[in-house]
There are 2 protein chains.
Amino acid sequence: MSSLDKMLKVLDLFGEERMSIQLEDVQAAGASRATAYRYIQSLCDSGLLAPTTGGSYVLGPRIIELDRLVRRADPLLTRAGAPMRDVSARLGINVMLCSYYGDKVMCADIVWPERSVPEYYERGRPMPMFRGAMAKTILAHLTPYQLRNIMLWHGELVREAGLGENWEQFRSNMSRLRRDGYCVTRGEVIPDLVGIGAPVFDAERRILGSVVFAVRESRFQSAGKEDLVSEIKQLAARITSAIAGEAGDRPAQRAARPRKIRTLAPEDASPVE
Amino acid sequence: MSSLDKMLKVLDLFGEERMSIQLEDVQAAGASRATAYRYIQSLCDSGLLAPTTGGSYVLGPRIIELDRLVRRADPLLTRAGAPMRDVSARLGINVMLCSYYGDKVMCADIVWPERSVPEYYERGRPMPMFRGAMAKTILAHLTPYQLRNIMLWHGELVREAGLGENWEQFRSNMSRLRRDGYCVTRGEVIPDLVGIGAPVFDAERRILGSVVFAVRESRFQSAGKEDLVSEIKQLAARITSAIAGEAGDRPAQRAARPRKIRTLAPEDASPVE
DNA sequence: GAAATAGTCTCACAATACGAGAATAATATA
DNA sequence: TATATTATTCTCGTATTGTGAGACTATTTC
């Protein structure tokens, strides 16, 4: 592993429980005192880290600045907001927006009027890649190339997730989801929660992400699957055409491209805390 | 400059106008093709960058993930929200929350009911370090050490900003601001906009940031300076005690520590676009 | 399927990241 | 304001490893 990678791994020390790190934490990750300081120094200079009192360091202002840039420019986020809020208000239903990043699926936005449903997700929360409607909807629309690579490099995970025992099964499962144009999952991420998802594309019909209704099992039963499916498909279509509408000008913002997907997050499957 | 710094400088290629970069952009910043790919590779592996189609790269999911961590844990942000919204609703006034990061001042949150005032700021927008009520309020509360260092390394900027021609003047100006407990600036960042700011501290009375009212000159005239000053001081005090209340337990989150402040952002003074 | 584009690997060499300790800076304490 | 303590940077010789050029492989497009 190069020194570049080792330095960037310092960022991995942060997590929900640990919001500040110290010199020793970096040393413990395998670096001499001098080197630990060097990494910290570079990260601080770039603003990714910021020093606080007592020799500890926190995430720095650059993070917030860069996130602002992403929020401003992400076509998914900027174009999905209004339609999402419309539908959510009309149906009184919880909606999530998911973004696909080549090797990661992430919650990009939520509208959550049904407060009795636990608000597990929020912008920036990573999501499992093989479970839940958000993920499967996206998975289904990757290119054949990408799907084959996933089976090749992560067949074990595919099998665990029940997406197919082999390439033929996986391929045909994904193909069916694609034809359906929606995906329903029950309790795959959070018990008792049903996800109803549909895909969002860019102007070139590449998968960008997904929108998902998150409802309790009881509501899903009473509401009737067909209506919810029809609504989510309409919502996704509205967002897709809003994105296609703005396009043509600037270069496509983000799209699928996982190549070998060598490095799925090691524990991409720890959703319920 | 080390290879670490060179790699991190790739992130500086992004900006409001440029949301995706290409191999050539990295090469142009001074790296061979192989090295450019190496930097990109490391940044992609860490999730700071993500590949898109056509050999271009955008900011990656890690940015959003890390920003979430910051939002969740920042005591300033989490404790200021409610009081800010209260006051803003009661007075129908625009309020900004500013965060201090050792060498940078940044907008952390805004509540903006007075829509006729241009919404120049938003979370993540960097702010000038020597102009405007947000910045000066913070500046005034740095330690003597820090102030001296600023004068030493950035005396020119201090003079330009009219904060004092020499150390004695600078020191006494800051000292007066500190005694006042508030700071009013007029049109320093945006023409016709008056800022009324007060400092927010952590449990150990170290400066964390500032809250600022942003009103038009006309309203400032009619409303009466005293009332607004009194309100902003109360607001800041409420936030400070909310933060002190939660403290004691976890290690202080963020606080001043600019050491030499060798590297103020080169153009920290380009506010009005 | 083939052609065109994007990304990775190999290898020899020299630049530079590394570790240990001394020197200095910044904070806490008196 | 001066002193003690803790945190950070600097110096320097060594050898690790980052570097560039080009061949090779992977991926997308047609």
Side-chain angles (χ1 to χ4, degrees), chain A residues 1-8 20-27 29-45 49-57 102-103 142-150 152-153 204-207 252 255-263, chain B residues 1-8 20-27 29-45 49-57 102-103 142-150 152-153 171 204-207 251-252 255-263:
Chain A
M1 175 179 307
S2 75
S3 66
L4 304 172
D5 295 320
K6 281 185 283 184
M7 178 183 65
L8 290 173
S20 74
I21 61 168
Q22 299 211 309
L23 184 65
E24 300 96 64
D25 301 320
V26 181
Q27 290 190 83
S32 71
R33 209 173 62 97
T35 300
Y37 268 120
R38 269 189 279 255
Y39 290 172
I40 287 174
Q41 164 107 265
S42 288
L43 290 168
C44 284
D45 284 351
L49 250 48
T52 64
T53 49
S56 53
Y57 298 83
D103 62 350
L142 299 185
T143 66
Y145 231 99
Q146 294 173 326
L147 287 177
R148 161 157 266 134
N149 272 325
I150 285 173
L152 236 47
W153 293 75
E204 283 82 28
R205 297 297 292 180
R206 277 180 296 244
I207 186 79
R257 178 160 240 281
R259 285 161 299 185
K260 291 188 181 158
I261 311 206
R262 280 185 273 226
T263 48
Chain B
M1 173 178 309
S2 74
S3 67
L4 304 172
D5 296 320
K6 279 186 284 186
M7 177 185 64
L8 289 172
S20 74
I21 61 169
Q22 299 211 308
L23 183 65
E24 301 94 65
D25 300 320
V26 181
Q27 289 189 84
S32 71
R33 206 175 73 100
T35 299
Y37 268 122
R38 268 190 280 257
Y39 290 172
I40 286 174
Q41 164 109 264
S42 288
L43 289 167
C44 284
D45 284 352
L49 249 50
T52 65
T53 50
S56 53
Y57 299 83
D103 62 349
L142 299 185
T143 65
Y145 228 101
Q146 294 173 328
L147 287 176
R148 161 158 267 133
N149 272 325
I150 285 174
L152 235 49
W153 292 75
R171 178 187 157 86
E204 284 82 28
R205 299 295 294 178
R206 280 181 295 245
I207 186 80
R257 178 159 240 278
R259 282 160 302 185
K260 291 190 182 156
I261 309 206
R262 281 184 274 225
T263 47

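Order of the sequence lines fixes the chain letters, A, B, ..., with proteins taken first and strands second; residue numbering starts at 1 for each chain.
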Non-neighbouring partners of [X] that pass side chain to side chain contact (heavy atoms under 4.5 Å, CB included), sequence neighbours left out:
X: B/Ala29; value: none
X: B/Asp5; value: A/Ser42, B/Met1, B/Ser2
X: A/Arg148; value: A/Trp167

Between [atom2] of [N] and [atom1] of [X], the distance in whole Å:
X: B/Tyr37; N: D/dG20; atom1: OH; atom2: P; result: 15 Å
X: B/Asp103; N: C/dA26; atom1: CG; atom2: P; result: 14 Å
X: A/Tyr145; N: C/dT5; atom1: OH; atom2: P; result: 17 Å

- Message: Once side-chain hydrogen bond (donor to acceptor under 3.5 Å, both in side chains) is applied, do any residues pair with B/Ser3, and if so which ones, sequence neighbours excluded?
- Response: none
- Query: If you check every side-chain atom of A/Gln41, which of C/dA25, D/dT8, D/dT9 has the closest atom?
  - Reply: D/dT9
- Query: Atom CE in A/Met7, atom CG in B/Leu8: separation rounded to 0.5 Å?
  - Reply: 4.0 Å
- Message: Nearest 0.5 Å, please: how far is OG1 in B/Thr143 from CD1 in B/Ile207?
- Response: 11.5 Å
List every contact pair, protein side and nucleotides 1-5 of chain D side both N or O, where the distance is under 3.5 Å.
none

- Message: Base contacts versus sugar-phosphate-only contacts with protein, heavy atoms under 4.0 Å: please encode nucleotides 10-20 of chain C as B, S and - from 5' to 3'.
- Response: -------SBB-
- Any A/Arg38 side-chain heavy atom under 4.5 Å of A/Thr35 side chain: yes
- Message: Could you work out how much the helix from C/dG1-D/dC30 to C/dA30-D/dT1 bends, comparing the axis of its first five pairs with that of its last five, to 10°?
- Response: 80°
